[in-house]
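All of these numbers come straight from a predicted model, not from anything done at the bench. Heavy atoms only: backbone and side chains are in, while hydrogens, waters and symmetry mates are out.
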Amino acid sequence: QGQLVESGGGLVQAGGSLRLSCAASGLTISSYHMGWFRQAPGKEREFVATITWSGGSTYYANSVEGRFTISRDNAKNTLYLQMNSLKPEDTAVYYCAAGPALHGTFLYSIPSKYNYWGQGTQVTVSS
């Protein structure tokens, strides 16, 4: 059974940086599209970023484009999210997810397309 475990969250001042990690076990991330989502209190889970199984393409939500960078280290079976220039509105629980690399278009921004999820890590940005 595949498992994803996030780490690296915490409290940071606005303008600061954090690097989230997502360690996978029981599944090989090189066979999956990997994504980051976030959920703030009282809001629905929203797409943040995705990197394709090959690492050849990345996609970002407009709200984080230019500030966040998603990357993967297949040798370490780990996904990363580098977050710079953080804003209070980035405060949320951040989740990593794995979606199967099948034929056809992968709807990367839709949570239901991912079949493995981590437990989440809290990111709090103070103003």
Side-chain angles (χ1 to χ4, degrees):
Q1 185 73 13
Q3 186 176 15
L4 302 173
V5 179
E6 302 95 337
S7 61
L11 174 64
V12 64
Q13 287 188 331
S17 298
L18 283 174
R19 188 193 195 203
L20 305 184
S21 299
C22 172
S25 60
L27 65 93
T28 303
I29 68 167
S30 59
S31 298
Y32 291 85
H33 303 302
M34 299 297 296
W36 288 98
F37 289 76
R38 67 187 182 187
Q39 188 166 17
K43 295 187 177 181
E44 293 190 354
R45 191 167 298 189
E46 66 172 357
F47 167 74
V48 174
T50 288
I51 185 167
T52 56
W53 69 272
S54 66
S57 296
T58 56
Y59 304 93
Y60 296 93
N62 290 338
S63 58
V64 307
E65 181 86 52
R67 299 188 298 120
F68 290 11
T69 302
I70 188 171
S71 62
R72 61 195 301 159
D73 186 335
N74 289 343
K76 294 183 178 180
N77 219 26
T78 301
L79 176 73
Y80 302 100
L81 184 68
Q82 178 66 44
M83 305 186 295
N84 299 329
S85 302
L86 282 161
K87 304 174 181 180
E89 51 263 44
D90 294 319
T91 295
V93 177
Y94 283 71
Y95 300 90
C96 67
L102 305 174
H103 291 295
T105 301
F106 181 71
L107 302 177
Y108 55 84
S109 66
I110 300 176
S112 63
K113 300 303 180 182
Y114 296 79
N115 49 8
Y116 293 100
W117 289 86
Q119 83 291 345
T121 185
Q122 176 71 46
V123 171
T124 303
V125 184
S126 63
S127 57

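- A donor-acceptor pair under 3.5 Å is absent between the side-chain atoms of Thr28 and the main chain of Ser30, judged by distance alone.
- Between the side chain of Tyr116 and the backbone N or O of Pro100, no donor-acceptor pair lies under 3.5 Å.
- Atom-to-atom distance recorded for Ser126:OG and Gln13:CD is 5.0 Å, nearest 0.5 angstrom.
- Close placement of the Phe37 and Tyr114 rings is indicated, their centers lying within 6.0 Å of each other.
- Residues Leu81 and Thr69 fail the side-chain proximity criterion, which asks for heavy atoms closer than 4.5 Å.
- Residue Ala14 comes nearest to Ser127 through the heavy atom pair CB-CA, 4.4 Å, listed as atom of the first residue, atom of the second, then distance.
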Assess whether side chain to side chain contact (heavy atoms under 4.5 Å, CB included) is satisfied between Arg67 and Asp90, documenting all intermediate values.
CA-CA 11 Å; Arg67 299 188 298 120; Asp90 294 319; 2.8 Å; yes
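- Here the shortest heavy-atom pairing between His33 and Phe106 reads CD2-CG, 3.3 Å.
- Using modelled atom types, no side-chain atom of Gln39 and backbone atom of Tyr94 make a donor-acceptor pair closer than 3.5 Å.
- Under the 4.5 Å side-chain heavy-atom criterion for grouping Ile, Leu, Val, Met, Phe, Trp and Tyr, Tyr80 is not connected to Leu20 through any hydrophobic cluster.
- By the criterion of side-chain heavy atoms lying less than 4.5 angstrom apart, applied directly or through intervening Ile, Leu, Val, Met, Phe, Trp or Tyr residues, Val12 is not grouped with Val93; the two fall into different hydrophobic clusters.
- Side chain of Asp73 to main chain of Lys76: a donor-acceptor pair is present (N/O by atom type, distance under 3.5 Å, no hydrogens or angles).
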Would Ser17 and Asn84 count as a side-chain hydrogen bond (donor to acceptor under 3.5 Å, both in side chains) if you check the C-alpha gap in whole Å, the side-chain angles of each, and the deciding distance to 0.1 Å?
CA-CA 4 Å; Ser17 298; Asn84 299 329; 2.9 Å; yes
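- A donor and an acceptor atom, one from each side chain of Ser63 and Glu65, are nowhere located under 3.5 Å apart.
- Across all non-hydrogen atoms, the minimal contact from Thr58 to Tyr60 is OG1-CE1, 3.6 Å.
- Judged by the 6.0 Å and 45° rule, Arg38 forms no cation-pi pair with Tyr95.
- Centroid-to-centroid, the aromatic rings of Phe47 and Tyr108 come within less than 6.0 Å.
- Judged by a 6.0 Å distance limit and a 45° cone about the ring axis, Arg72 is not positioned over the six-membered ring of Trp53.
- Cluster membership check: Trp36 shares its hydrophobic cluster with Val64, using side-chain heavy-atom separations under 4.5 Å among Ile, Leu, Val, Met, Phe, Trp and Tyr.
- Shortest non-hydrogen contact noted between Met83 and Val123 is CE-CG2, 3.9 Å.
- Once rounded to the nearest 0.5 Å, the distance linking CG of Leu79 with CD1 of Ile70 reads 4.5 Å.
- With Ser112 contributing its side chain and Ile110 its backbone, the two residues share no donor-acceptor pair below 3.5 Å.
- At least one donor-acceptor pair under 3.5 Å links the side chain of Thr91 to the backbone N or O of Val125.
- In this structure, Thr121 contributes its side chain and Gly9 its backbone to a donor-acceptor pair below 3.5 Å.
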Take Phe68 and Leu86, measure what side chain to side chain contact (heavy atoms under 4.5 Å, CB included) needs, and give me the verdict at the end.
CA-CA 9 Å; Phe68 290 11; Leu86 282 161; 3.8 Å; yes
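- Note that OG of Ser21 and CG of Leu4 are 12.5 Å apart. Values are rounded to the nearest 0.5 Å.
- Side chain of Thr52 to main chain of Ser57: a donor-acceptor pair is present (N/O by atom type, distance under 3.5 Å, no hydrogens or angles).
- For the pair Gln3 (side chain) and Gly26 (backbone), a donor-acceptor distance under 3.5 Å is absent.
- Annotation for Ala24 and Ile29: closest pair CB-CG2, 3.5 Å, computed over non-hydrogen atoms.
- There is no path of hydrophobic side-chain contacts, each under 4.5 Å, that joins Met34 to Tyr59.
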